[in-house]
Amino acid sequence: MMQIIVLTIFIAVTFYGCVSPKKNDGKIHVLATTGIIADILSNSLDSSFVVESLMGPGVDPHLYKASAKDVGLLSSADIIVYNGLHLEGKMTEILKKVGRHKMVIAVSDGIPESSLMSLAEDIHDPHIWFDISLYSKGLQHIYMTLNRHYPIQAKSSRNKYEKYLKKLNDMHVWTKQRIELIPAKQRILITAHDAFGYFGRAYGMRVVGLQGISTVAEFGIQDIMRLSALIKQYSIRSIFIESSVPKRSIESVMYNVQASGGSVCIGGQLFSDALDSKSKKAGTYLGMLESNVQTIVSSLK
Ligand SMILES: [Zn+2]
């Protein structure tokens, strides 16, 4: 079965353009890798553009592999927008291949390297959407690139784009104000994986993840013990599960703390690397941010 899928992808890529022919509707077709990127673009671009997303609600981008159907979508789109910084770690090759034939833009290319959080030499934290001000720079980079290549369509979107930038700025200010409601020594955010580093830096929280920066890495008993000790040391009341990571990981920390006489509960579910389904509050980038902040503040305040 695996061989058939690999062969299908190979054929689709080799005979580039044979799958999903371009739609001749006069619109610019933008394909985003994640739902978060698709949402910020849908909110910034007018009907001259059609924005679609490869990954659906709740999908983990670290683990996502392009299917044969995705290859068709990638080939029929006019522009591909991805996060970069190895968030889409299993799509690196296919994005590189597609980039030889069409415009492929990384949101992270709009952010100066000095503003990125460094993990090791030449490796940066990819979860840039959790600093709203920083992510706005990524959106500006996408808009300016579109403006160079499609000036008429970008110009007709300008009002919508500027209104959305203002909303992002308002959310940035609101988030800062809400997090300040948590007493300083209780501003510790414990989650399933290290997705909230930028959030912590921008809004003043210490952030600790059970897994590393990517969900590809497994966690072990040492990680559970490390977090359990921290929870007891700071009398942390709540820890958080993530929508795109199995909840058993953070539950095992809770059980470990409780088994050794401590007390901690699950403060709720945070949306880290993927949006909720479209009809839900966290089905948009702004809705996801608001939902997370409300969950964090009500559990730690
Ligand atoms: Zn992540």
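Computed over heavy atoms, backbone and side chain alike; hydrogens, waters and symmetry mates excluded.
- Taking both residues in full, the closest heavy atoms of L230 and I190 are given as CD2-CD1, 3.9 Å, listed atom of the first, atom of the second, then distance.
- Ring pair W129/H127: centre-to-centre distance below 6.0 Å.
- Applying the side-chain hydrogen bond (donor to acceptor under 3.5 Å, both in side chains) rule to pairs touching residues 25-42 yields D25-H29, T33-E88, D39-N43, sequence neighbours excluded.
- Two rings, from H62 and H193, have their centers less than 6.0 Å apart.
- Sorted by first and then second residue, the pairs that involve residues 275-301 and meet ring pair (Phe, Tyr, Trp, His ring centres under 6.0 Å), not counting sequence neighbours, are Y135-Y285.
- Apart from I221 itself, the hydrophobic cluster it occupies contains M225, where clustering links Ile, Leu, Val, Met, Phe, Trp and Tyr at side-chain heavy-atom distances under 4.5 Å.
- A282 is linked by a side chain to side chain contact (heavy atoms under 4.5 Å, CB included) to F271, D276, M288, S291, counting only residues two or more places apart in sequence or in another chain.
- For the ring pair (Phe, Tyr, Trp, His ring centres under 6.0 Å) condition, no pair includes a residue of residues 207-242, sequence neighbours left out.
- Under the side chain to side chain donor-acceptor pair (under 3.5 Å) criterion, S133 pairs with no residue at all, not counting sequence neighbours.
- Taking each heavy atom of I231 and V257 in turn, the nearest pair found is CD1-CG2, 4.0 Å.
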Evaluation steps, side chain to side chain donor-acceptor pair (under 3.5 Å), between S48 and Q153: CA-CA 6 Å; S48 341; Q153 293 87 344; over 6 Å; no
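- In this structure, Y198 contributes its side chain and L134 its backbone to no donor-acceptor pair below 3.5 Å.
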Trace of the salt bridge (Lys or Arg N to Asp or Glu O under 4.0 Å) decision for E93 with K96: CA-CA 5 Å; E93 279 308 308; K96 205 188 282 178; 3.7 Å; yes
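- A donor-acceptor pair is defined here as one N or O able to donate and one able to accept, closer than 3.5 Å; such a pair exists between the side chain of K102 and the backbone of A77.
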